Amino acid sequence: MVLPVRGRADRRRSARRAARWRKRSLLREFPLIIVVALLVALVMKTFLLQVFVIPSGSMEQTIQVGDRVLVDKLTPWFGSEPQRGDVVVFKDPGGWLEGDHKPSDDGPVLGAAKQVLTFVGLLPSDSEQDLIKRVIGVGGDTVECCDAQGRLSVNGTPVDEPYLAPANPPSRQPFKVRVPQGRLWVMGDHRDVSADSRFHMGNPGQGTIPLSGVVGRAFMNVWPLDRLHQLDVPSSLSSLARAPQARGTAPESVGVGPVPMEPPLVMGVLGILPAVVRRSGRPPE
């Protein structure tokens with residue numbers, strides 16, 4: 001049997017039908033692609049990795065204003081706890097941040113769309129009550145400043161702090177605290193401007209933060225590219241022996257000065273363009 005030879009007009013009609021079919025197929029699949037992308041972003045934000053934008057200078061020079069740090073949110077799910085020297089992101093334990101959020105002037109449609117994208121992490125949020133600091137003491141530690149040489153000590157051992165901002169002493173306010181079990185004593189690397197544990201000893205927890213409030217460990221500065229580097233743990237802190245556990249010892253403080261103010265971190269999911277984060281995020285204060 002001899003098949004009829006298709007003419008040029010038939011081939012053109014077939015090509016147009018195929019193009020229309022591909023277009024309809026793409027339109028049908030596009031909503032599914034969007035849903036899958038949103039689910040992947042939500043899973044990453046909730047369980048795996050998250051990028052935070054740094055709005056203040058409390059961690060200079062280690063982390064500067066406008067830097068993006070990558071935070072590991074996975075290992076805490078397996079029982080890993082922050083150690084001395086780790087840089088951690090944590091929820092405001094209460095009273096650390098000012099409630100100075102400005103009302104949005106977005107319309108109802110744009111506002112709803114932004115809320116959805118913020119929820120899954122595709123837009124940064126300026127309402128997240130997150131902070132970033134370095135862990136100096138863990139449960140059972142006694143942290144004190146300063147000794148005769150002006151050094152901070154943990155469990156009586158002076159600590160070398162090469163990460164401090166230039167011209168910053170370990171602390172201009174003397175203090176001594178014993179960290180309760182299940183809590184952390186945290187301080188910024190730029191001690192003169194950091195509203196850290198020293199300045200909240202009158203709050204519940206007496207300046208310490210609960211382990212349950214830790215979002216994750218910041219392990220890399222990922223933006224800008226010329227500041228790409230790993231956030232190493234200083235050996236002067238990581239090599240310290242664990243303090244023996246003691247019960248019934250409450251923190252005590254000496255001579256705490258005025259409380260500096262810090263804006264909360266702005267969060268976003270890994271992979272979002274820095275330009276998008278810059279436009280959508282809260283400006284540094």
Side-chain angles (χ1 to χ4, degrees), residues 41 44-46 48-76 82-92 96-98 100-101 117-118 121-136 161-168 184 186-197 199 209 213-234 237-238 260-285:
M44 287 184 63
K45 170 194 168 186
T46 305
L48 302 177
L49 300 171
Q50 194 168 339
V51 169
F52 285 81
V53 186
I54 307 303
S56 77
S58 69
M59 286 298 293
E60 292 175 342
Q61 299 293 323
T62 307
I63 307 171
Q64 297 184 9
V65 175
D67 284 357
R68 277 75 166 164
V69 296
L70 187 58
V71 174
D72 168 24
K73 303 178 71 174
L74 178 63
T75 52
Q83 302 298 315
R84 301 186 199 96
D86 286 346
V87 177
V88 296
V89 171
F90 58 95
K91 297 292 183 184
D92 180 4
W96 285 44
L97 292 171
E98 286 288 300
D100 57 352
H101 304 298
L117 294 177
T118 298
L122 291 177
L123 280 182
S125 171
D126 61 1
S127 62
E128 293 291 320
Q129 300 293 294
D130 298 323
L131 300 102
I132 186 167
K133 295 286 181 281
R134 189 182 297 275
V135 177
I136 302 298
E161 298 189 278
Y163 43 78
L164 290 183
N168 271 219
L184 303 171
V186 295
M187 301 175 73
D189 290 356
H190 195 170
R191 297 283 163 81
D192 282 349
V193 302
S194 178
D196 51 37
S197 289
F199 298 96
I209 66 168
V214 175
V215 174
R217 180 178 67 90
F219 65 94
M220 184 170 289
N221 195 334
V222 295
W223 188 267
L225 292 179
D226 60 355
R227 286 187 45 74
L228 178 68
H229 66 275
Q230 185 172 336
L231 300 177
D232 296 321
V233 177
L237 285 170
S238 62
M261 299 303 174
E262 291 188 64
L265 299 186
V266 180
M267 67 86 184
V269 164
L270 176 65
I272 302 304
L273 293 175
V276 175
V277 176
R278 185 162 54 252
R279 286 196 302 271
S280 306
R282 181 178 180 177
E285 298 181 6

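Quantities reported herein were computed from a predicted structural model and do not represent experimental measurements.
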With sequence neighbours excluded, what pairs up with [X] under the side chain to side chain donor-acceptor pair (under 3.5 Å) test?
{"X": "Glu161", "answer": "Tyr163, Arg191"}
{"X": "Gln64", "answer": "Gln61"}
{"X": "Asn168", "answer": "Asp192"}

Less than 4.5 Å apart, any side-chain heavy atom of [X] and any of [Y]?
{"X": "Pro55", "Y": "Leu265", "result": "yes"}
{"X": "Phe219", "Y": "Leu49", "result": "yes"}
{"X": "Val69", "Y": "Val222", "result": "no"}
{"X": "Leu164", "Y": "His190", "result": "no"}
{"X": "Pro224", "Y": "Asp67", "result": "yes"}
{"X": "Ile54", "Y": "Met59", "result": "no"}
{"X": "Leu231", "Y": "Asp86", "result": "no"}

Practice item. Give a yes-or-no answer on whether the side chains of Lys73 and Gln50 include a donor-acceptor pair shorter than 3.5 Å. Key: yes
Shortest non-hydrogen separation from [X] to [Y] and the atoms involved:
{"X": "Glu60", "Y": "Val65", "answer": "OE2-CG2, 3.9 Å"}
{"X": "Met187", "Y": "Ser194", "answer": "C-OG, 4.5 Å"}
{"X": "Val233", "Y": "Ser238", "answer": "CG1-CB, 3.8 Å"}

Review point. Roughly how far, to the nearest 0.5 Å, is the CG atom of Leu70 from the CZ atom of Phe52?
Key: 10.0 Å
Check your understanding: Measuring from Ile136:CD1 to Lys133:NZ, what's the distance to the nearest 0.5 Å?
Key -> 11.5 Å
Using the side-chain contact (heavy atoms from CB on, under 4.5 Å) rule, pick out the option among [options] that qualifies with [X].
{"X": "Leu131", "options": "Ile209, Val89, Leu97", "answer": "Leu97"}
{"X": "Phe90", "options": "Val186, Leu184, Asp130, Val135", "answer": "Val186"}
{"X": "Val88", "options": "Val215, Val214, Val71", "answer": "Val214"}

Review point. Do Arg134 side-chain atoms and Gly188 backbone N/O form a donor-acceptor pair below 3.5 Å?
Key: no
**Study point:** Test side chain to side chain contact (heavy atoms under 4.5 Å, CB included) applied to Asn221 and Gln230, step by step
**Key:** CA-CA 6 Å; Asn221 195 334; Gln230 185 172 336; over 6 Å; no
